[in-house]
Each structure stands twice: as C-alpha cells, then as structure tokens.
Amino acid sequence: GDLYGSNIIEQDHHAIGLIDYELMTYDVSGIELAATLMRPFCRQGAQRRSLLEGYLAACPAALADTWRHHAPDFVFAAATRLLAARQRRIRHLTIRDRLLAAGERVLPSSMRKRVKDRRTAIAKNIASARENEAYYLHIARTMVGLCLAEPAVDPVRLLEHCDKLFRKPG
C-alpha cells in the first residue's frame with residue numbers, strides 16, 4: 001500500500017488514485033499520503049515537503065483541499081493504522097518463531113541449521129517491527145498535544161517536531 005509506481009493510477013482529468021494492497025481497498029482519502037510521510041525512507045523534512053508538494057499539485061483539487069484542512073487528522077489516522085499493522089506483524093512473526101522452535105526439536109540435525117537461520121531472520125524482523133511500532137506510537141501520542149496547541153499545524157512541521165521528541169527504544 002505504499003506510494004510505489006505500481007500502486008498509483010491516473011484517473012480522468014489527471015486525478016491520482018492509490019491502491020492499498022495491504023488492505024485491498026482503494027484509498028484517495030489522504031491517509032496513504034500521511035503514512036508515506038512517516039515511512040523510514042521519507043523521514044527527512046526536505047523529502048517530506050517535496051513529496052507533499054508534488055502529490056498535492058497532481059491530485060484532485062478536492063483531495064488537496066481536504067488535505068489542507070485535515071492533514072493532522074490524516075497523520076494521526078495513518079500513525080494509528082501503521083501502529084496496528086506493526087503490532088499484527090509482531091504477533092504473526094512471534095507465532096511463526098514459536099512454531100519453528102517447536103518443530104526444531106523434532107527435526108533431524110541436518111535441517112536444524114536452516115530452521116535456526118530462519119529464526120534468526122525472524123528475530124531481526126521482530127526487532128525492526130518493534131522499532132517502527134515505537135515510532136508510530138510516539139507519533140500518535142505526541143501529536144495529540146501538539147495539535148491541541150496548534151490545530152492548523154503544517155503536517156511536515158508536525159512530523160518534524162514529533163521526530164525531535166522521539167527517543168529510540170533500547
């Protein structure tokens with residue numbers, strides 16, 4: 001569901017639509033844009049500003065207007081959605097690891113190395129998902145106070161402020 005070329009479709013009158021394959025829905029609400037602004041590859045102010053300006057220049061006028069009026073709401077919704085997705089991923093990977101651990105005990109020694117390598121990879125994925133989970137939780141919690149203090153805050157400035165306050169776990 002990220003902003004990759006294959007997920008972007010051009011509609012009539014040069015309108016842009018996004019296909020969110022993770023949720024199997026068609027999303028033009030602005031939440032996908034907000035989510036992209038929080039992805040690891042887009043956490044610098046200049047990247048965020050460039051993406052936002054380009055997207056809003058190409059999207060339907062109604063979406064651009066909606067974004068300008070409700071951007072903090074989209075950011076909050078995206079942060080909570082990404083948080084829930086990371087939590088589901090952690091649960092899924094933990095279950096896979098437990099199943100592999102149980103199977104590892106009964107496997108012949110020739111197959112144990114492959115299972116151990118897979119469990120190591122799963123542990124790295126869980127650690128990465130936990131880091132992202134902490135980041136999205138921080139964004140959701142922090143922005144509530146920031147938005148109450150300044151309801152019309154610019155979304156890029158909002159995320160930059162949240163990022164400054166974020167302390168990596170560990």
Are His138 and Thr142 close enough that a side-chain donor and a side-chain acceptor fall under 3.5 Å? yes
For Ser50, all residues meeting side-chain contact (heavy atoms from CB on, under 4.5 Å), sequence neighbours excluded: none
CG-CE distance between Leu83 and Met38, expressed to the nearest 0.5 angstrom: 10.5 Å
How would you list, by chain and number, every residue that makes a side-chain contact (heavy atoms from CB on, under 4.5 Å) with Ala140, sequence neighbours excluded? Phe76, Ala79, Thr80
When rounded to the nearest 0.5 Å, the distance separating CD1 of Ile90 from CD of Gln87 is 7.0 Å
Would you say Ile139 and Leu82 make side-chain contact, with heavy atoms under 4.5 Å? no
Can you list the steps and then say if Ser128 with Glu131 is a side-chain contact (heavy atoms from CB on, under 4.5 Å)? CA-CA 5 Å; Ser128 174; Glu131 286 178 13; 5.5 Å; no
Summary of side chain to side chain donor-acceptor pair (under 3.5 Å) pairs that have at least one residue in residues 152-166, sequence neighbours excluded: Arg48-Asp163, Arg49-Asp154, Tyr135-Asp163, Glu150-Arg157
With a 4.5 Å cut-off on side-chain heavy atoms, are Leu52 and Val156 touching? yes
Leu137-Leu93 co-clustered via ILVMFWY side chain contacts under 4.5 Å: no
What distance do Leu158 atom CG and Cys147 atom SG have between them, rounded to the nearest 0.5 Å? 5.0 Å
Residues which pass side-chain contact (heavy atoms from CB on, under 4.5 Å) with Pro40, listed by chain and number, not counting sequence neighbours: Arg43, Asn132, Tyr136
How about CZ on Arg112, more than 12 heavy atoms from neighbouring residues, nucleotides or ligands closer than 6.0 Å, or not? yes
Across all chains, not counting sequence neighbours, the side-chain contact (heavy atoms from CB on, under 4.5 Å) partners of Ala34 are Trp67, Phe74, Val75, Ala78
Side-chain heavy atoms nearer than 4.5 Å, only ILVMFWY residues, links allowed to pass through others: does that put Met143 and Phe166 together? yes
Value for CZ (Arg88) from CZ (Arg91), rounded to nearest 0.5 Å, stands at 7.5 Å
Would you give the length of the straight line joining atom NZ of Lys113 to atom OG of Ser109, rounded to the nearest 0.5 angstrom? 13.5 Å
Quick one: are Arg89 and Asn125 in side-chain contact, heavy atoms under 4.5 Å? yes
Would you tabulate the side-chain donor-acceptor contacts of residues 95-107 under 3.5 Å, counting partners in other chains and residues two or more places apart, or write 'none'?
residue	atom	partner	partner atom	Å
Asp97	OD1	Arg119	NE	2.7
Asp97	OD2	Arg119	NH2	3.3
Glu104	OE1	Arg119	NH1	3.1

Rounded to the nearest 0.5 angstrom, the OG1-CD1 distance for Thr36 and Ile31 is 11.5 Å
